[in-house]
Asks: 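Got a structure here, written out as structure tokens. Questions coming.
As a basis for the values below, the full set of heavy atoms in this structure was taken, side chains included, without hydrogen atoms, waters or symmetry mates. Below, chains carry the letters A, B, ... as their sequence lines are ordered, and counting in each starts from 1.
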Number of protein chains: 2
Amino acid sequence: MTICHFSTYRLKNSMATSERKKRQIKQREEMILDIARKMLVERGYPGMSMDRLADATEYSKGTIYQHFTCKEDLVLALSIQTMSKREEFFRRASTFQGRTRERIVAVGVAEDLFVRIYPYHFRSEQIVRLTSLRDKVTPLRNETLDACERRCLSTVAEIVRTAVGQGDVVLRDGMTPEDVCFGLWCMTMGAHTLMASEIPLSERGVRDGSKSLRFATKYFLDGMEWTPLMNDVDFGATVVRIREEIFPAETQQVFGGRVAEKSLPSLPRQVSSS
Amino acid sequence: MTICHFSTYRLKNSMATSERKKRQIKQREEMILDIARKMLVERGYPGMSMDRLADATEYSKGTIYQHFTCKEDLVLALSIQTMSKREEFFRRASTFQGRTRERIVAVGVAEDLFVRIYPYHFRSEQIVRLTSLRDKVTPLRNETLDACERRCLSTVAEIVRTAVGQGDVVLRDGMTPEDVCFGLWCMTMGAHTLMASEIPLSERGVRDGSKSLRFATKYFLDGMEWTPLMNDVDFGATVVRIREEIFPAETQQVFGGRVAEKSLPSLPRQVSSS
DNA sequence: TCGAAAAATGACAAATCGTCATTTTGCGAC
DNA sequence: GTCGCAAAATGACGATTTGTCATTTTTCGA
């Protein structure tokens with residue numbers, strides 16, 4: 001019995017320390033990611049070297065490689081962190097009380113806020129999309145990101161389906177709800193790619209990329225005759241309402257309370273690599 | 001006098017050989033670019049190493065570095081080659097005899113053909129856009145690409161301006177012709193980014209990205225009330241006419257004469273890096 | 001055939017990713 | 001306290017890759 005008790009105790013104790021260890025490791029991983037993210041933003045993808053990261057984190061390279069199988073795996077981990085944030089933003093946006101058309105606008109507002117709060121995310125998202133790394137990366141991480149993206153999409157698709165069900169929009173030309181999502185996704189992704197580009201949009205005659213994107217999506221949805229058409233209602237007022245009701249804190253953070261601000265500050269640009 | 005003649009002769013001769021040299025060098029540069037492009041497509045950006053390229057071209061690395069200041073400079077040169085092709089496609093498209101709305105559709109058809117004929121271009125375009133290399137690259141090359149892109153855009157902007165002039169479309173919300181271009185550009189770029197992604201679009205519920213893109217632009221322009229609305233005319237027939245009248249050879253090359261083909265083969269995917 | 005200028009070459013330096021033998025640390029047992 | 005083992009951390013090292021530059025080779029007119 002005594003032995004058994006001891007044994008149980010030891011087991012418990014051992015498990016307790018093991019749990020603590022896990023927490024510590026998790027915490028360290030987040031610390032590494034924080035520093036890596038900063039580096040990625042400031043110095044670009046090639047500028048974020050594993051040696052430099054090891055120096056900055058004050059851990060050795062070997063330790064970092066215990067967390068991530070390779071550099072791309074690390075970038076993927078960064079993407080997951082922010083992608084799950086985006087998922088949360090989208091979910092909150094979709095709860096907006098209003099017509100389906102307004103709920104779609106809410107998702108657009110969510111994306112806009114998301115990009116402003118996490119400007120680095122888009123860059124790493126592009127890197128992940130561009131680099132072929134399916135076979136080098138931790139499978140779990142791969143699936144996690146995939147699932148996250150899928151949930152983001154299905155949040156939007158669900159709104160489309162609801163709209164179809166309520167008769168707010170009719171899908172023509174054999175379009176599926178997913179095709180509609182694809183259209184919105186394209187515009188958003190393309191706009192952010194161009195906005196993050198080295199050549200300022202202003203040199204291409206575009207004053208405010210975000211505003212242009214908002215109007216492009218507006219016209220796209222109007223073209224589908226998704227009612228109410230945004231000519232019929234006060235578009236700007238809806239955006240303001242969404243920001244106030246769903247994202248008060250984030251709006252405060254980004255716009256400092258100037259909810260109705262029209263000409264928005266442009267996104268930060270990457271520092272040139274050294 | 002004699003000396004003068006000799007001197008003139010020598011100068012002429014020297015210039016002639018110099019011209020020949022220049023031609024040879026130019027020719028070699030194109031040969032290098034051809035091989036580099038193949039390598040870029042087959043092995044991806046990291047897989048196209050300068051050593052391998054030197055081997056494949058049967059020149060030394062030093063010689064290659066006499067043509068290009070760095071790897072990015074070479075990729076930029078590749079981009080320029082195809083971008084000027086795109087410019088030509090756009091210019092031809094804009095000559096389509098028809099309503100302004102149809103001429104915009106023609107540009108869309110041009111882009112679609114372009115991406116199919118030069119599938120590698122988009123990848124290098126993204127690389128150029130993602131990597132900060134403004135300061136490493138030959139300034140001339142930088143400007144050349146920039147000018148090329150600008151001409152592509154202004155071809156489209158010109159159609160928009162004509163449309164406004166003819167009353168085919170009214171720009172609301174303070175939109176400029178360039179803002180309209182931006183909208184179209186976003187959709188196109190986003191769609192191709194997503195289509196070139198590792199995750200097949202079919203897993204996201206999108207059967208045919210090109211088709212979805214076509215409809216997205218259609219709805220976008222319909223939403224702007226750019227007449228004639230494409231519900232009012234036979235959209236598919238216009239596309240076929242454009243392919244037949246403006247791009248017969250290219251259509252043949254891509255679709256093998258099946259001009260009206262609806263479900264198009266998906267774009268080739270990058271071979272995994274070695 | 002000669003010689004100078006131009007061009008080609010590839011060894012080399014520097015940087016980077018990822019590995020792994022070696023060292024250090026953590027922790028329970030006595 | 002200290003012993004010993006397992007787990008974790010370390011950084012030197014191998015393999016690549018980019019870009020340079022002293023040296024060799026070629027070109028071409030005299």
Side-chain angles (χ1 to χ4, degrees), chain A residues 2-3 6-22 24-29 31-32 36 39 43-75 131 133 135-138 273-274, chain B residues 2-3 6-22 24-29 31-32 36 39 43-75 131 133 135-138 273-274:
Chain A
T2 322
I3 291 166
F6 269 128
S7 165
T8 309
Y9 168 75
R10 197 164 69 201
L11 188 65
K12 259 185 166 173
N13 194 330
S14 175
M15 275 175 71
T17 59
S18 154
E19 284 302 312
R20 181 162 53 84
K21 263 283 151 67
K22 267 190 187 166
Q24 279 179 352
I25 285 177
K26 178 105 191 195
Q27 200 178 335
R28 184 174 61 191
E29 187 159 310
M31 181 265 230
I32 293 171
M39 226 178 232
R43 320 187 57 145
Y45 184 71
M48 189 202 78
S49 88
M50 299 306 262
D51 283 281
R52 244 197 296 275
L53 186 61
D55 276 356
T57 55
E58 294 186 321
Y59 285 102
S60 73
K61 208 151 48 131
T63 301
I64 290 177
Y65 274 97
Q66 272 180 346
H67 289 271
F68 312 101
T69 60
C70 61
K71 192 177 171 180
E72 288 87 350
D73 195 45
L74 193 153
V75 176
T131 328
L133 37 68
D135 38 3
K136 294 175 72 184
V137 148
T138 319
S273 65
S274 55
Chain B
T2 325
I3 292 166
F6 268 129
S7 163
T8 308
Y9 167 76
R10 197 165 72 202
L11 189 64
K12 260 185 168 172
N13 194 331
S14 173
M15 275 176 71
T17 58
S18 154
E19 283 303 311
R20 182 163 50 86
K21 263 284 153 64
K22 267 191 189 166
Q24 279 180 352
I25 286 177
K26 178 106 192 195
Q27 201 178 335
R28 184 174 62 190
E29 187 159 310
M31 181 264 229
I32 294 172
M39 224 177 235
R43 321 186 58 146
Y45 185 72
M48 188 202 77
S49 89
M50 299 306 263
D51 283 285
R52 245 196 294 275
L53 185 60
D55 277 355
T57 55
E58 293 185 323
Y59 285 102
S60 72
K61 208 155 43 135
T63 301
I64 290 177
Y65 273 97
Q66 271 179 348
H67 288 271
F68 310 101
T69 60
C70 61
K71 191 177 172 180
E72 288 88 348
D73 195 46
L74 194 154
V75 176
T131 330
L133 36 68
D135 37 4
K136 293 175 75 184
V137 148
T138 319
S273 65
S274 56

Asks: Can you sort out the partners of A:Thr63 under side-chain contact (heavy atoms from CB on, under 4.5 Å), two or more places apart, ordered by chain and number?
Replies: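 Here the qualifying residues are A:Arg28, A:Tyr59, A:Ser60.
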Asks: Excluding sequence neighbours, so at least two apart, what forms side-chain contact (heavy atoms from CB on, under 4.5 Å) with A:Asp55?
Replies: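 So A:Asp55 forms no side-chain contact (heavy atoms from CB on, under 4.5 Å) with any residue.
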Asks: Using a cut-off of strictly less than 4.0 Å, decide whether B:Gln66 has a side-chain nitrogen or oxygen near OP1 or OP2 of C:dA8.
Replies: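 Checking B:Gln66 against C:dA8: at least one side-chain N or O falls below 4.0 Å of OP1 or OP2.
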Asks: Between B:Lys22 (NZ) and C:dA6 (C1'), how many Å, whole number?
Replies: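 That distance rounds to 15 Å.
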Asks: So, is A:Ser60 close to the D:dA9 phosphate, meaning a side-chain N or O under 4.0 Å from OP1 or OP2?
Replies: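 Negative; the distance criterion is not met.
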Asks: In whole angstrom, what separates A:Glu58's CD from D:dA9's C1'?
Replies: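 One finds 14 Å between C1' of D:dA9 and CD of A:Glu58, rounded.
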Asks: Provide, to the nearest angstrom, the distance between the OH atom belonging to B:Tyr59 and the P atom belonging to C:dT9.
Replies: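 Rounding to the nearest Å, OH of B:Tyr59 and P of C:dT9 are 8 Å apart.
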Asks: CG of A:Leu53 versus C1' of D:dG11: gap in Å, rounded?
Replies: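 The distance from CG of A:Leu53 to C1' of D:dG11 comes to 15 Å, rounded to the nearest Å.
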Asks: Let me know the distance between CZ of B:Phe68 and C1' of C:dA8, rounded to the nearest Å.
Replies: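 Rounding to the nearest Å, CZ of B:Phe68 and C1' of C:dA8 are 16 Å apart.
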Asks: Walk me through it: do A:Met31 and A:Thr57 pass the test side chain to side chain contact (heavy atoms under 4.5 Å, CB included)?
Replies: CA-CA 8 Å; A:Met31 181 265 230; A:Thr57 55; 4.3 Å; yes
Asks: Name all residues meeting the salt bridge (Lys or Arg N to Asp or Glu O under 4.0 Å) criterion together with B:Lys71; count only those two or more places apart in sequence or in a different chain, and write none if there are none.
Replies: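 None.
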Asks: Once side-chain contact (heavy atoms from CB on, under 4.5 Å) is applied, do any residues pair with A:Phe68, and if so which ones, sequence neighbours excluded?
Replies: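 With sequence neighbours excluded, A:Phe68 shows a side-chain contact (heavy atoms from CB on, under 4.5 Å) to A:Glu29, A:Ile32, A:Leu33, A:Ile64, A:Asp73, A:Leu74, A:Ala77, A:Arg141, given in chain and number order.
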Asks: Rounded to whole angstroms, how far apart are CD on B:Gln27 and P on C:dA7?
Replies: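 B:Gln27 atom CD is separated from C:dA7 atom P by 16 Å.
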Asks: Could you go through nucleotides 16-19 of chain C and list every protein N or O atom that sits under 3.5 Å from one of its N or O atoms, giving the distance for each pair?
Replies:
residue	atom	partner	partner atom	Å
C:dT16	OP1	A:Arg52	NH2	3.4
C:dC17	OP1	A:Lys71	NZ	3.2
C:dC17	OP2	A:Met50	N	3.0
C:dG18	OP2	A:Tyr65	OH	2.9
C:dG18	OP2	A:Lys71	N	3.0
C:dG18	N7	A:Lys61	NZ	2.8
C:dG18	O6	A:Lys61	NZ	2.3

Asks: Applying side-chain contact (heavy atoms from CB on, under 4.5 Å), name anything that partners A:Glu58, two or more places apart in sequence or on another chain.
Replies: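 Partners of A:Glu58 under the side-chain contact (heavy atoms from CB on, under 4.5 Å) test: none.
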